[in-house]
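Keep in mind it's a predicted model, so treat the numbers as computed, not measured.
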Amino acid sequence: MPLHVPPAPAPALRSVLTALGSPTAVREARTPSLLHAQGPATPELPLPVHVLDGVDSAGVPATRLAGWRFLIRCGDRAVAAAETMLTPDGWAFSRFFEGPYVAATERALRQAETVAQPYQPRLLSIPGLYMLALWLHGDCTADGATGHPAATDLLVPLAPAPPGIAAHRPHQVAELLPVLTHRVTPAPLLGSPA
């Protein structure tokens, strides 16, 4: 398998395990798939979630770690996801959720496993486009919590992707990033100086 999943911080995993063991947390999560799951639910494939805050004048993307996401597996498929966030007291459980990004993440990871080159999987959120992408980082030994997308890393937009961006099609960062930043950058107002 060419994917080298970075290890999640132990307190993040513990917080998800504690939440999964709490009937109140599961019941109040509004995730019917998790609530009605048959068999044990286990957190798998921890992925660091980075947020794209912008691109500097040299074209280097500025990202920050927002949390860790775990796919929650029951049987042979992921039924939900759990997120953790960093608080002043350390890593804490944030929420359970379900929806199209859970299946899209699982699909993109399966697709990435067929690529010959090894990668470290991460998630990249682009809030200005309401977009999430699987970020395949070329340095498998890197700390998953740090760094920024390299020009040769791959981004795989997850479905649903914004109009005009094909979901589940891998793009090199150098190819896709200019398109994303152009779409996020607001157009100048009519009559305003350029």
Side-chain angles (χ1 to χ4, degrees), residues 1-8 12 33 43-56 59-73 76-84 94-185:
M1 173 162 104
L3 293 182
H4 298 272
V5 178
S33 297
E44 295 182 354
L45 295 168
L47 298 173
V49 180
H50 294 261
V51 176
L52 179 66
D53 287 327
V55 178
D56 69 15
V60 177
T63 60
R64 63 182 161 79
L65 180 67
W68 284 80
R69 181 174 294 176
F70 298 78
L71 292 180
I72 306 299
R73 183 168 303 282
D76 62 347
R77 67 182 187 93
V79 296
E83 283 194 350
T84 62
S94 174
R95 67 187 180 119
F96 289 118
F97 67 94
E98 59 184 55
Y101 284 133
V102 174
T105 301
E106 193 171 40
R107 175 181 170 186
L109 288 166
R110 278 194 315 268
Q111 181 182 355
E113 288 176 342
T114 66
V115 177
Q117 181 178 340
Y119 286 104
Q120 182 188 81
R122 304 170 176 200
L123 292 172
L124 182 64
S125 173
I126 301 105
L129 294 176
Y130 301 100
M131 179 179 164
L132 187 65
L134 179 64
W135 165 15
L136 298 172
H137 190 53
D139 182 358
C140 296
T141 62
D143 179 356
T146 62
H148 59 271
T152 56
D153 287 353
L154 296 179
L155 292 177
V156 181
L158 301 181
I165 298 175
H168 298 288
R169 181 177 172 257
H171 302 269
Q172 282 197 340
V173 167
E175 170 192 325
L176 186 60
L177 195 59
V179 173
L180 298 178
T181 55
H182 175 71
R183 291 184 68 178
V184 170
T185 306

Kindly determine whether Leu47 and Leu109 satisfy side chain to side chain contact (heavy atoms under 4.5 Å, CB included), including the steps that lead there.
-> CA-CA 11 Å; Leu47 298 173; Leu109 288 166; 4.2 Å; yes
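- Asp143 places none of its side-chain heavy atoms less than 4.5 Å from the side chain of Pro6.
- Between Leu3 atom CG and Tyr119 atom OH the span is 10.0 Å, to the nearest 0.5 Å.
- Nearest approach of Cys140 to His4, heavy atoms of both residues: SG-CD2, 3.3 Å.
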Quiz: residues 147-162 side-chain donor-acceptor pairs under 3.5 angstrom, not counting sequence neighbours:
{"from": "Asp153", "atom 1": "OD1", "to": "Gly138", "atom 2": "N", "distance (Å)": "2.9"}
{"from": "Asp153", "atom 1": "OD2", "to": "Trp135", "atom 2": "NE1", "distance (Å)": "3.0"}
{"from": "Asp153", "atom 1": "OD2", "to": "His137", "atom 2": "ND1", "distance (Å)": "2.6"}
{"from": "Asp153", "atom 1": "OD2", "to": "Ala150", "atom 2": "N", "distance (Å)": "3.0"}

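- Looking at Arg73, its side chain does come within 3.5 Å of a backbone N or O of Asp76 through a donor-acceptor pair.
- At least one side-chain heavy atom of Leu124 sits less than 4.5 Å from a side-chain heavy atom of Thr63.
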Starting from the C-alpha separation in whole Å, work towards a yes-or-no answer on side chain to side chain contact (heavy atoms under 4.5 Å, CB included) for Phe97 and Val102.
-> CA-CA 8 Å; Phe97 67 94; Val102 174; 4.2 Å; yes
With side chain to side chain contact (heavy atoms under 4.5 Å, CB included) as the test, would you mind laying out the steps for Leu132 and Leu123 before giving the verdict?
-> CA-CA 7 Å; Leu132 187 65; Leu123 292 172; 4.2 Å; yes
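- In terms of heavy atoms, Leu134 sits closest to Pro121 at CD1-CB, 4.1 Å.
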Evaluate side chain to side chain contact (heavy atoms under 4.5 Å, CB included) for Val179 paired with Leu177, printing each intermediate quantity in order.
-> CA-CA 5 Å; Val179 173; Leu177 195 59; over 6 Å; no
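- When every heavy atom of Ala66 is checked against every heavy atom of Val51, the shortest pair comes out as CB-CG2, 3.6 Å.
- Interatomic distance, CG of Leu65 versus OG1 of Thr146, reported as 9.0 Å (0.5 Å rounding).
- With hydrogens and angles disregarded, a donor-acceptor distance shorter than 3.5 Å links the side chain of Gln111 to the backbone of His168.
- Heavy atoms only, all atoms of each residue included: Phe70 and Ala8 are closest at CZ-CB, 3.7 Å.
- A donor-acceptor pair under 3.5 Å is formed between the side chain of His50 and the backbone N or O of Gly144.
- Side chain of Glu106 to main chain of Ala78: a donor-acceptor pair is present (N/O by atom type, distance under 3.5 Å, no hydrogens or angles).
- Scored by the salt bridge (charged side-chain N to carboxylate O under 4.0 Å, His left out) test, Glu83 finds Arg69, Arg95 as partners (sequence neighbours excluded).
- Residues Thr141 and Asp139 come closest through the heavy atom pair OG1-OD1, 2.7 Å.
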Yes or no on salt bridge (charged side-chain N to carboxylate O under 4.0 Å, His left out) for Arg77 and Glu44, after CA distance, side-chain angles and deciding distance?
-> CA-CA 11 Å; Arg77 67 182 187 93; Glu44 295 182 354; over 6 Å; no
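- Going from atom OH of Tyr101 over to atom OG of Ser125 covers 8.0 Å, rounded to the nearest 0.5 Å.
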